[in-house]
Amino acid sequence: QVQLVESGGGLVQAGGSLRLSCAASGRTFSSYAMGWFRQAPGKEREFVAAMSRSGGSTVYADSVKGRFTISRDNARNTVYLQMNSLKPEDTAVYYCASTGLFSRLERSYDYWGQGTQVTVSS
């Protein structure tokens, strides 16, 4: 069992930055890969970024590549999503999730946080 708690969401103007955090507990954090997903109003949840167990590999959605950076601190059991140059279309609820596989596929993830709202105003 893994518990995930996101934080760091909020309201920001277009062009601004936010850093999301996801604190994990319940299992050895370094034993699983981590991902971030988001769901905008009226849309399906979509992949944002993922990082392997060791942090040596990352993958991003094309829509955020070059603007968002995923990182993890295995000593703090935390994964981060640094979001720069935010756009109104980045507005969504952001979720972190854990998986035994390094994947961008939602169905690969077995534990999810409750989500944190990010709102980008124009």
Side-chain angles (χ1 to χ4, degrees):
Q1 190 79 8
V2 177
Q3 293 80 42
L4 302 171
V5 180
E6 302 97 335
S7 61
L11 174 64
V12 63
Q13 288 189 330
S17 298
L18 280 175
R19 187 176 83 154
L20 305 183
S21 300
C22 173
S25 62
R27 224 169 73 186
T28 304
F29 182 68
S30 60
S31 68
Y32 43 89
M34 296 296 297
W36 286 96
F37 292 78
R38 68 186 182 185
Q39 187 168 21
K43 295 187 176 181
E44 293 188 351
R45 189 157 54 187
E46 65 175 2
F47 170 77
V48 175
M51 174 168 270
S52 61
R53 294 179 180 89
S54 66
S57 297
T58 58
V59 61
Y60 296 92
D62 288 344
S63 58
V64 307
K65 204 171 294 183
R67 300 188 298 122
F68 290 13
T69 303
I70 187 172
S71 62
R72 65 190 294 163
D73 184 341
N74 286 347
R76 296 179 182 270
N77 292 352
T78 302
V79 63
Y80 304 96
L81 185 69
Q82 177 67 45
M83 306 186 294
N84 298 329
S85 302
L86 283 161
K87 305 175 181 180
E89 52 263 43
D90 294 318
T91 295
V93 177
Y94 284 72
Y95 300 88
C96 69
S98 67
T99 175
L101 304 171
F102 175 50
S103 171
R104 61 190 301 151
L105 299 177
E106 185 174 342
R107 64 176 181 266
S108 298
Y109 289 78
D110 42 15
Y111 295 101
W112 294 80
Q114 82 289 350
T116 186
Q117 177 70 47
V118 171
T119 302
V120 184
S121 64
S122 57

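What you are looking at is a predicted structure, and each value in this text was computed from that prediction instead of being measured.
A continuous path of Ile, Leu, Val, Met, Phe, Trp and Tyr side chains, each step under 4.5 Å between heavy atoms, connects Val79 with Val2, placing both in one hydrophobic cluster. Note on Tyr80: it does not cluster hydrophobically with Met34, by side-chain heavy-atom contacts below 4.5 Å among ILVMFWY residues. Cluster annotation: Phe29 and Ile70 are assigned to the same hydrophobic cluster (Ile/Leu/Val/Met/Phe/Trp/Tyr, side-chain heavy-atom contacts under 4.5 Å, transitive). Tyr94 and Leu4 fall within the same hydrophobic cluster, defined by Ile, Leu, Val, Met, Phe, Trp and Tyr side-chain heavy atoms under 4.5 Å apart, directly or through other members.
Once rounded to the nearest 0.5 Å, the distance linking CZ of Arg72 with OG1 of Thr58 reads 12.0 Å. Rounded to the nearest 0.5 Å, atoms SG (Cys96) and OH (Tyr109) are 10.5 Å apart.
Of all the heavy atoms in Thr116 and Gly9, the pair that sits closest is OG1-N, 3.2 Å. Here the closest heavy-atom approach between residue Phe102 and residue Ala33 is recorded as CA-CB, 3.9 Å. For Val64 against Arg38, the heavy-atom pair with the smallest separation is CG1-NH1, 3.9 Å. For Pro88 against Ser122, the heavy-atom pair with the smallest separation is CG-CB, 3.8 Å.
The closest side-chain heavy-atom distance from Ser98 to Asp110 is below 4.5 Å. Within the 4.5 Å cutoff, the side chain of Asp90 has heavy atoms near those of the Arg67 side chain. A heavy-atom distance below 4.5 Å is not found between the side chains of Val12 and Met83. A heavy-atom distance below 4.5 Å is not found between the side chains of Arg53 and Ser30. Contact annotation: the side chain of Thr91 approaches that of Gln117 to within less than 4.5 Å [non-hydrogen atoms, C-beta and beyond]. Side-chain atoms of Phe47 and Leu105, non-hydrogen and from C-beta on, never get closer than 4.5 Å to each other. At a threshold of 4.5 Å between non-hydrogen side-chain atoms, the residues Leu20 and Tyr95 do not count as touching.
Ring pair Trp112/Phe37 is tilted by interplanar angle, where 30° to 60° counts as tilted.
For the pair Thr78 (side chain) and Arg76 (backbone), a donor-acceptor distance under 3.5 Å is present. For the pair Glu6 (side chain) and Gly115 (backbone), a donor-acceptor distance under 3.5 Å is present. Remark: side-chain polar atoms of Glu106 are not paired, donor with acceptor, to backbone N or O of Glu46 under 3.5 angstrom.
Ion pair Lys65/Asp62 flagged as a salt bridge, since at least one NZ, NE, NH1 or NH2 atom sits closer than 4.0 Å to an Asp/Glu carboxylate oxygen.
Aromatic ring centres of Tyr32 and Tyr111 lie farther apart than the 6.0 Å criterion allows.
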